[in-house]
**Q** 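One structure, pasted below without further comment.
The first residue in the sequence is number 1, and the count goes up from there. Atoms within a ligand are numbered from 1 in the order they appear, just like the ligands themselves. Remember, predicted model here, so these are calculated numbers, not experimental data.
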Amino acid sequence: MKSKLLRAATLGALVLATAPVHAADGFAKPKEAVEYREGVFNIMSTHMKRLGAMAKGDVPFDAAKAQASAQLIATLSTLPWEAFVPGTLGELKADPIKNAAEFKQLADKFEVQAKLLPASAATLDGLRGQLTTTSSSCKSCHESYRK
Ligand code: HEC
């Protein structure tokens, strides 16, 4: 009984020692970091599509709805980056950690555009203009990093 416990404790210590993500990164497991950033990206994407539908005229423009989506995108825009931690990166075109300065610059540029969305989304013309700019800042990062 005692040795079983001891073995479990040793195993636990080993797992902790070899885990690529540690508590310092703010995520308990690599999977948690991946799900975190994918969750954020997917929610941003849903709201970009809702705005896109209004901008194209597929859905009637509604300033309150547009601004609510825009506000969510602005808020979420700051979140994905902390989840790009070592040991959690799958297939990418380039490594966001090795190229941290460039990656941060692309993230910052995007955040600036995302934060301009809520005010712009008050009118259909404003939304159209700022949505295009924001969307191209998503794309310019994807072109270099996302596979
Ligand atoms: C600074 C870089 C950067 C910016 C800006 C960026 N992305 Fe991404 N995005 C990535 C990377 C890198 C991935 C690859 C997936 C991963 O490893 O998390 C990704 C993946 C995604 C995914 C797939 C998530 C999944 O489930 O696999 C979606 C959807 C997405 N991004 C949408 C967006 C949208 C919409 C915007 C702008 C509103 C945006 N991204 C802005 C870097 C960026």
Side-chain angles (χ1 to χ4, degrees), residues 8-147:
T10 314
L11 198 70
L14 266 175
V15 168
L16 276 178
T18 54
V21 170
H22 17 88
D25 291 322
F27 299 99
K29 288 181 247 149
K31 195 167 168 263
E32 221 174 271
V34 173
E35 286 174 355
Y36 183 92
R37 59 180 198 251
E38 286 182 357
V40 174
F41 281 137
N42 285 312
I43 296 171
M44 283 202 302
S45 178
T46 297
H47 289 279
M48 288 293 284
K49 283 180 202 151
R50 287 187 192 172
L51 293 177
M54 283 191 219
K56 274 188 258 160
D58 294 345
V59 168
F61 176 71
D62 177 324
K65 283 185 186 166
Q67 287 188 294
S69 280
Q71 189 53 59
L72 273 170
I73 295 162
T75 303
L76 294 171
S77 70
T78 63
L79 300 183
W81 328 123
E82 69 155 322
F84 283 94
V85 285
T88 71
L89 307 173
E91 288 273 288
L92 294 176
K93 275 187 201 153
D95 185 336
I97 296 166
K98 279 190 197 133
N99 303 287
E102 188 201 60
F103 192 72
K104 185 177 181 328
Q105 202 175 40
L106 289 163
D108 287 349
K109 273 192 186 158
F110 159 66
E111 284 182 35
V112 167
Q113 297 309 323
K115 285 171 185 164
L116 293 172
L117 258 182
S120 311
T123 65
L124 182 54
D125 278 347
L127 171 66
R128 283 185 173 139
Q130 191 54 33
L131 188 63
T132 307
T133 316
T134 307
S135 162
S136 58
S137 69
C138 305
K139 280 188 202 116
S140 66
C141 184
H142 289 171
E143 272 162 16
S144 307
Y145 288 92
R146 187 182 171 190
K147 237 189 177 144

**Q** What's the shortest distance from atom 15 (C) of ligand 1 to any protein heavy atom, and which residue and atom give it?
**A**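 I find the closest protein heavy atom is Leu92 CD2, 4.4 Å.
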**Q** Has the side chain of Ser137 got a donor or acceptor atom that lies under 3.5 Å from a matching backbone atom of Thr134?
**A**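 Such a contact is found between Ser137 side chain and Thr134 backbone.
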**Q** With 2.8 Å as the threshold, which protein atoms of type N, O or S lie near atom 8 (Fe) of ligand 1? Leave waters out.
**A**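 The answer, once waters are left aside, is His142 NE2.
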**Q** For atom 17 (O) of ligand 1, which protein heavy atom lies nearest, and how many Å away is it?
**A**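 The closest heavy atom on the protein side is Arg37 NH2, 3.1 Å.
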**Q** Among all the protein's non-hydrogen atoms, which is closest to atom 25 (C) of ligand 1, and how far away is it?
**A**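 Protein heavy atom with the smallest distance to atom 25 (C) of ligand 1: Glu38 CG, 3.5 Å.
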**Q** Out of curiosity, Ile43 CD1 to Leu76 CG, how far, rounded to the nearest 0.5 Å?
**A**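 CG of Leu76 is found 6.0 Å from CD1 of Ile43.
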**Q** Can you name the residues that form a side chain to side chain contact (heavy atoms under 4.5 Å, CB included) with Lys104, not counting sequence neighbours?
**A**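 Lys104: side chain to side chain contact (heavy atoms under 4.5 Å, CB included) contacts with Asp108.
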**Q** Any pair with a residue in residues 30-41 that passes side chain to side chain donor-acceptor pair (under 3.5 Å), sequence neighbours left out, goes on the list, sorted by first then second residue, please.
**A**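 Found Lys31-Glu35, Tyr36-Glu82, Arg37-Thr88.
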**Q** Taking the side chain from Asn99 and the backbone from Glu102, do they hold a donor-acceptor pair closer than 3.5 Å?
**A**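 No; zero donor-acceptor contacts below 3.5 Å.
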**Q** Is there a donor-acceptor pair under 3.5 Å between the side chain of Ser45 and the backbone N or O of Phe41?
**A**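 No, the answer is negative, given that no donor and acceptor are paired below the 3.5 Å cut-off.
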**Q** Considering non-hydrogen atoms of the protein only, which is the closest contact for atom 29 (C) of ligand 1, and what is the distance?
**A**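 Residue, atom and distance for the closest contact: Asn42 OD1, 3.5 Å.
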**Q** Can you list the ligand 1 atoms lying under 4.0 Å from a non-hydrogen atom of Ser137?
**A**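 Heavy-atom distances to Ser137 below 4.0 Å select 5 (C).
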**Q** Filter on side chain to side chain donor-acceptor pair (under 3.5 Å), then keep only pairs touching residues 111-122, sequence neighbours left out; what's left?
**A**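 Matches after skipping sequence neighbours: Trp81-Glu111, Gln113-Gln130.
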**Q** If you measure every N or O of Trp81 against every N or O of ligand 1, does any of those distances drop under 3.5 Å?
**A**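 Min N/O separation from ligand 1 is not below 3.5 Å for Trp81.
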